[in-house]
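Heads up, the thing below is written out as structure tokens.
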Amino acid sequence: MKASGDAFRARVLAAVQGIPSGRVMTYGSVAVLAGHPGAARQVGFVLRGLPDAADADVPWQRVVNASGGISTYRVGAGELQRALLEAEGVAFSAAGRCDLRVYGWWPPDAPG
DNA sequence: TTGCTGACTTGGC
DNA sequence: AGCCAAGCCAGCA
């Protein structure tokens with residue numbers, strides 16, 4: 001349980017670290033890269049468990065929901081995430097969502 | 001050990 | 001367009 005969970009977390013962090021500045025990925029996509037399609041919720045759980053020291057290494061702000069919106073308002077990091085993304089050049093609509101067709105990212109070396 | 005919660009997704013209305 | 005219900009799996013008490 002711990003072993004597989006640890007591997008899952010490592011895959012998630014690796015996938016998130018692979019997102020370039022100015023681009024975003026959905027939880028579902030990260031879950032697929034982590035080898036667990038459908039485990040989108042756990043992606044958020046892994047990121048939520050990140051220590052502050054890992055924030056610099058893991059651009060968690062580049063992970064958004066399937067609508068291109070911010071899901072971190074639940075943990076009080078929504079404003080920060082949006083500010084970070086806007087600083088990277090990601091534009092948000094009046095509804096607080098970004099266009100995944102424009103900013104959506106997928107690793108070029110990943111299948112798909 | 002069991003069981004519940006949750007930074008989500010998808011299909012149907 | 002938005003809202004409801006079910007499914008997914010990793011942490012934590």
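Since the structure is predicted, the reported quantities are computational estimates derived from the model, not experimental observations. The sequence lines fix the lettering, A, B, ..., with proteins before strands; numbering per chain opens at 1.
Applying the side chain to side chain contact (heavy atoms under 4.5 Å, CB included) criterion to A34(A), with sequence neighbours excluded, gives F8(A), R11(A), V12(A). Applying the side chain to side chain contact (heavy atoms under 4.5 Å, CB included) criterion to A110(A), with sequence neighbours excluded, gives L33(A), W106(A), P107(A). Under the side chain to side chain contact (heavy atoms under 4.5 Å, CB included) criterion, A94(A) pairs with no residue at all, not counting sequence neighbours.
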Under 3.5 Å donor-acceptor pairs involving side-chain atoms of residues 17-26 of chain A, not counting sequence neighbours:
unit_1, atom_1, unit_2, atom_2, d
Q17(A), NE2, D57(A), O, 3.3
T26(A), OG1, S29(A), N, 3.2
T26(A), OG1, S29(A), OG, 2.9

Could you pull out all donor-acceptor pairs under 3.5 Å where a side-chain atom in residues 74-87 of chain A meets a protein atom, sequence neighbours excluded?
unit_1, atom_1, unit_2, atom_2, d
Q81(A), OE1, T72(A), OG1, 2.5
Q81(A), NE2, Q61(A), O, 2.8
Q81(A), NE2, V63(A), O, 2.8
R82(A), NE, E86(A), OE2, 3.2

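Identified under the salt bridge (charged side-chain N to carboxylate O under 4.0 Å, His left out) test for residues 100-112 of chain A, with sequence neighbours left out: D99(A)-R101(A).
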Let's test your reading of the pairing rules: Watson-Crick or G-U wobble, both distances under 3.5 Å, then write DNA chain C as a dot-bracket string with ( ), [ ], | and dots.
.||||||.|||||

What string of B, S and - do you get for nucleotides 7-13 of chain B, 5' to 3', when a contact is any protein heavy atom under 4.0 Å?
BBSS---

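Across the protein-nucleic acid pair, H36(A) atom NE2 and dC8(C) atom P stand 14 Å apart, rounded to whole Å.
Residue-to-nucleotide proximity on DNA chain C shows that, of R97(A) and P37(A), the 5′-proximal contact is made by R97(A).
Note: the hydrophobic cluster containing W105(A) also contains L13(A) (ILVMFWY, side chain heavy atoms under 4.5 Å, direct or indirect links). Both V30(A) and V32(A) belong to a single network of hydrophobic side chains, linked directly or stepwise wherever heavy atoms of I, L, V, M, F, W or Y lie under 4.5 Å apart.
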